[in-house]
Protein chains: 2
Amino acid sequence: MTPEPGGGLRSTRQRAAVHAVLSEVDGFHSAQDLHAILRERGERVGLTTVYRTLQGLADAGEIDVMRPPGGEALYRRCSQGHHHHLVCRTCGQAVEVAGPAVEAWADRVAAQHGFVEVSHTVEIFGTCPRCAAGEQMRDTGGQ
Amino acid sequence: MTPEPGGGLRSTRQRAAVHAVLSEVDGFHSAQDLHAILRERGERVGLTTVYRTLQGLADAGEIDVMRPPGGEALYRRCSQGHHHHLVCRTCGQAVEVAGPAVEAWADRVAAQHGFVEVSHTVEIFGTCPRCAAGEQMRDTGGQ
DNA sequence: TGCGCTTTTGACAATCATTGTCATTAGCGC
DNA sequence: GCGCTAATGACAATGATTGTCAAAAGCGCA
């Protein structure tokens, strides 16, 4: 029970590595994905540590977590404020989008029903122009 | 490898049971949850079958699936059209909400970036009035 | 009504992401 | 440098979901 206020975190090589990878890669990646990237770079970081570090970063609001229908959670370093994502379901590329109207709508709807402590998730999935262009060879015969 | 789409389904006792439970319970429930309810009722349905039936129903658009941050997927029978949910994170009670403005916003944002085949998920979490009221004492059993 | 083909079922194993464990290692203040 | 304590990491454990495959049950058809 001696909680160090604020400075309770130690700066370790592993944490820096995870942080660095997140800064350099583009789009959303799973924890295992990031772990593989670290290994390729020669960084020796345990998978458990990757998970914990990501958890901590997500907890601190420094990265965003997304749970696509597929299964694994995806992480990405994002701008700090509240925003949402437009994600390509083929290549993973993500665009940050802001929707003040949506925020307002969500709050209003929740308030109408008397809900408090409201949070919301908005995710838009689609196929980005590049992937859509390379994908059109797929309707032989059909259904 | 030519399963009859649409009419290829047979009506079985198990499928009817799952369907019935979904009609009678309120709010979102996990697959394992529904399986437990079926067992309590004396219906002998395998867990695998529950999963498959739910998958089929979700595929047919007859039920809604939600993946809360917690982990398991939750299922609920809903009205057919496209809509979203305002869910109490304490008791699970859910309110269907429609947001034409949000749909339009999502489509517009996606189109601006050239994305096609767009889908989106919107979920609002909060604490419903009843849970918010009873949360200071947390004594009344409620149900 | 009975038969047979095909789908469905269900017990169990397999998978797979994520979390817990715990001995070892390494920051950081002194 | 020393020591305390948090962090690490290999491994096991968890737990939801999916695959497997033989047995059972629907439904069309004779």
Side-chain angles (χ1 to χ4, degrees), chain A residues 1-21 28-60 62-76 92, chain B residues 1-21 28-60 62-76 92:
Chain A
M1 320 295 183
T2 315
E4 309 275 322
L9 288 196
R10 294 179 181 176
S11 57
T12 65
R13 177 179 51 80
Q14 292 88 341
R15 206 163 290 174
V18 172
H19 217 263
V21 169
F28 280 86
H29 293 270
S30 67
Q32 320 240 2
D33 210 352
L34 293 167
H35 178 238
I37 294 174
L38 283 167
R39 292 215 131 177
E40 277 180 25
R41 292 185 173 204
E43 300 274 6
R44 299 193 129 279
V45 183
L47 180 57
T48 311
T49 302
V50 173
Y51 270 104
R52 267 185 304 227
T53 305
L54 289 172
Q55 230 166 62
L57 288 172
D59 220 48
E62 293 188 42
I63 61 175
D64 268 15
V65 193
M66 174 189 304
R67 298 184 70 90
E72 324 95 89
L74 303 181
Y75 302 85
R76 189 200 188 198
Chain B
M1 66 185 193
T2 312
E4 307 280 321
L9 289 196
R10 295 176 181 178
S11 57
T12 64
R13 177 181 50 80
Q14 292 89 341
R15 206 162 292 174
V18 172
H19 217 265
V21 169
F28 280 86
H29 293 269
S30 68
Q32 321 240 0
D33 209 353
L34 293 167
H35 178 237
I37 294 173
L38 283 166
R39 291 215 133 176
E40 276 180 24
R41 293 184 172 202
E43 300 274 4
R44 300 193 129 278
V45 183
L47 179 58
T48 311
T49 302
V50 173
Y51 270 105
R52 267 186 302 228
T53 305
L54 289 173
Q55 231 166 59
L57 288 172
D59 220 49
E62 292 188 43
I63 59 175
D64 268 13
V65 192
M66 174 189 305
R67 297 185 71 90
E72 325 95 271
L74 303 180
Y75 302 86
R76 190 201 186 197

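Naming convention: chains lettered A, B, ... in sequence-line order (proteins, then strands); numbering from 1 in each chain. Just so it is clear, the values below take in all heavy atoms, side chains as well, and ignore hydrogens, waters and symmetry mates.
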- [ ] Output all residues satisfying salt bridge (charged side-chain N to carboxylate O under 4.0 Å, His left out) with Arg76(A), sequence neighbours left out; order by chain, then residue number.
- [x]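 In terms of salt bridge (charged side-chain N to carboxylate O under 4.0 Å, His left out), with neighbours along the sequence ignored, Arg76(A) is linked to Asp26(A).
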- [ ] Please name all residues satisfying salt bridge (charged side-chain N to carboxylate O under 4.0 Å, His left out) with Arg41(B), sequence neighbours left out, ordered by chain then number.
- [x]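 So Arg41(B) forms a salt bridge (charged side-chain N to carboxylate O under 4.0 Å, His left out) with Glu24(B).
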Once side-chain contact (heavy atoms from CB on, under 4.5 Å) is applied, do any residues pair with [X], and if so which ones, sequence neighbours excluded?
X: Ala16(B); answer: none
X: Gln55(B); answer: none
X: Leu47(B); answer: Gln32(B), His35(B), Tyr51(B)
X: Ala36(A); answer: none

TODO: Enumerate the residues from residues 36-54 of chain B whose closest heavy atom to DNA chain C is under 4.0 Å, giving them by residue number; use none for an empty result.
DONE: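 When residues 36-54 of chain B is checked for heavy atoms under 4.0 Å from DNA chain C, the hits, listed by number, are Arg44(B), Val45(B), Gly46(B), Thr48(B), Thr49(B), Arg52(B).
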Expressed as a whole number of angstroms, how long is the span from [X]:[atom1] to [N]:[atom2]?
X: Gln55(B); N: dT7(C); atom1: CD; atom2: P; result: 18 Å
X: Arg15(A); N: dT25(C); atom1: CZ; atom2: C1'; result: 14 Å
X: Arg67(A); N: dT18(C); atom1: CZ; atom2: C1'; result: 9 Å
X: Asp59(A); N: dT19(C); atom1: CG; atom2: P; result: 12 Å
X: Glu72(A); N: dT15(C); atom1: CD; atom2: P; result: 17 Å
X: Leu74(B); N: dA16(D); atom1: CG; atom2: P; result: 12 Å

Open item on the list: My understanding is that only residues two or more places apart in sequence, or in another chain, count here; which of them pass side-chain hydrogen bond (donor to acceptor under 3.5 Å, both in side chains) with Glu62(B)?
Closed with: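 Scan of Glu62(B) (side-chain hydrogen bond (donor to acceptor under 3.5 Å, both in side chains), adjacent residues dropped) gives His19(B).
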Task: Ala31(B) versus Val50(B), closest heavy-atom pair with distance - done: O-CG1, 3.8 Å
Task: Value rounded to 0.5 Å, distance of OG1 in Thr49(B) from CG in Leu54(B) - done: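 Thr49(B) atom OG1 to Leu54(B) atom CG measures 10.5 Å (nearest 0.5 Å).
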Task: From CZ (Phe28(A)) to CG (Asp33(A)), nearest 0.5 Å - done: 13.0 Å
Task: Pairwise 5' ranking along DNA chain C for Gln14(B) and Ser30(A), keeping only the more 5' one - done: Gln14(B)
Open item on the list: Just so I know, are the side chains of Val18(B) and Arg15(B) near enough to count as touching, which here means a heavy-atom distance under 4.5 Å?
Closed with: no
Task: Bending between helix ends of the helix from dT1(C)-dA30(D) to dC30(C)-dG1(D) [5 pairs per end, 10° resolution] - done: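 Answer rounded to 10°: the end axes differ by 30°.
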TODO: State whether Gln32(B) places a side-chain N or O below 4.0 Å from either non-bridging phosphate oxygen (OP1 or OP2) of dG15(D).
DONE: no
Open item on the list: Walk along nucleotides 23-30 of chain D from 5' to 3' and tag each nucleotide B, S or - by protein heavy-atom contact under 4.0 Å, base first, then sugar-phosphate.
Closed with: --BBS---
